[in-house]
Amino acid sequence: MADTAKFTIGDKSVDLPVLKGTVGPDVVDIRKLYAQSDVFTFDPGYTSTASCESKITFIDGDEGILLHRGYPIEQLAEQSTFLEVCYLLLHGELPSATEYANFEHTITYHTMLHEQFDRFFQGFRRDAHPMAIMVGAVGALSAFYHDSTNVEDPTQRLISSHRLIAKMPTIAARAYKYSLGQPFVHPRNDLSYAENFLRMCFSVPAEDWKPNPVLTRAMDRIFILHADHEQNASTSTVRNAGSSGANPFACIAAGIACLWGPAHGGANEECLNMLQEIGTVDKIPEFVKGVKSRDYRLMGFGHRVYKNYDPRAKVMQTTCHEVLKEVGRDDDPLLKVALELERIALSDEYFVSRKLYPNVDFYSGITLRALGFPSEMFTVLFAVARTVGWISQWKEMIDDPNYKISRPRQIYTGSAKRAFVPVSKRG
Ligand code: ACO
């Protein structure tokens, strides 16, 4: 393709540079467009706009490809561990054995929370949604770890990144335990990241908790599948918040708030609710009718970028089968509903013509429920996993000498300038 694109409006003509990524479509650089032509572009939801340059994650939505630092998600999910993927996302390369051991040690030794931090949880109602607790508690980290909030200092940036990856499972498990009225379980340094998290969620002082390798591996894989996903809504929120120089804990709290929405991270909770509402396979045709008449959406289907099968959904489907088998629920009626719903949707003109395929959330709800989590916790687990993606993208932005505060423009469609009328003279 050409190195420049010509833009003409009225009697003005502007040559715009065309940028090339390693892979993916070329990008027209419109940074000077307004200065040279007096017009803006209009792109609500950024469907045609790249907001940054990034080396972290690549998605080819038409082909259903997801790469982290060049490595396909399927290979990472199969052969790597979540902590290794964290290192990869943060640092750009897979670690050597020594680097991995050091990283694992660092994350493990940052998992505890300041003792006073635990008092925060008591301020919430027991029936608070755990995502509400996450937004508040993670934001509060900046009130405790002042020595890692200076965004100008690369060492502090790295320390806050480690703290966030390490402390997120501890906060998430506390949010869960608080809702149950059970005592908080402290992290243990001899356990893996996923094992530690499951133990903090499910062990009680009255009895021993034994790790199950199949379930631990499934948890780890679910974390890998959710670790990063390019410039999605919550990641863009983190970058936007960070572009003003806000500290990383505050930025991640902003990302959690965005993730909570049902069109984003809240979809797995909504998807499980939907499957439960459908209940049995014979109710599917009626349900699909409602989707087609636009009464509601088929949750766990469709994606802004994937116009093909979400590659994470395939891994999640396999993991779902493994977990259900392990916990003796391979005849779970919800799995039957999901499989049949998927089969119908993939052959139905309504979904096919709109390129609506299962996304990662379609099977994650059933899997997480089988692991023992209530649906309110699903988005929390997503937040735990996505923290590394958010913080890697935030770090990349701060390291970029060209980054600017995010400040979109608008088409103003309100009143033109008019004179103020005192209340006594208004009709
Ligand atoms: N069910 C039924 N129809 C759908 C669905 C769906 N899940 N998703 C999109 N469509 C239809 C729309 O009605 C629209 O049809 P039309 O062209 O006839 O008007 C068309 O497909 C395009 O939809 P948009 O809303 O323009 O697509 P967009 O890219 O903005 O939305 C989104 C993407 C929000 C993910 C959407 O597909 C959706 O709401 N899915 C359900 C929620 C979900 O599963 N979210 C998880 C996303 S993955 C993640 O966050 C990890």
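Indexing begins at 1, ligand by ligand and atom by atom, following the structure's order.
Between Phe362 and Phe301, the ring planes are perpendicular. Angles over 60° get that label, and only those under 30° would be called parallel.
When heavy-atom distances to ligand 1 are checked against a 4.0 Å cut-off, Phe362 has no atom that comes that close, whether in backbone or side chain. By the criterion of a heavy-atom distance under 4.0 Å, neither the backbone nor the side chain of Asp310 is placed next to ligand 1. Under 4.0 Å from ligand 1, heavy atoms of Leu298 appear from its side chain as well as its backbone. Contacts between Glu270 and ligand 1 below 4.0 angstrom, taking non-hydrogen atoms only, are absent altogether. Neither the backbone nor the side chain of Thr47 has a heavy atom within less than 4.0 Å of ligand 1. Contacts with ligand 1 closer than 4.0 Å are made by side-chain heavy atoms of Val291 only, the backbone lying farther away.
A cation-pi arrangement is absent between Arg221 and Phe82 under the rule of less than 6.0 angstrom and at most 45 degrees off the ring axis. For Arg354 and Tyr350, the positive end sits near the middle of the six-membered ring, less than 6.0 Å away and at most 45° from its axis.
Remark: Gln276 CD is packed, more than 12 non-hydrogen atoms of other residues, nucleotides or ligands lying under 6.0 Å away. Shown here is Arg126, whose CZ atom has more than 12 heavy atoms of other residues, nucleotides or ligands within 6.0 Å.
Heavy-atom proximity to atom 39 (O) of ligand 1, evaluated over His229, His226, Arg297, Arg354, is greatest for Arg297.
Near Arg294, the atoms of ligand 1 lying under 4.0 angstrom from a non-hydrogen atom of the residue are 13 (O), 16 (P), 18 (O), 19 (O).
Protein heavy atom nearest atom 49 (C) of ligand 1, with residue, atom name and distance: Asp361 OD2, 3.7 Å.
Shown here, atom 26 (O) of ligand 1 is out of close reach of the protein: none of its heavy atoms lies under 4.0 Å off. Distances from atom 22 (C) of ligand 1 to the protein include no heavy-atom value under 4.0 Å. For atom 8 (N) of ligand 1, a protein non-hydrogen atom is found at a distance below 4.0 Å.
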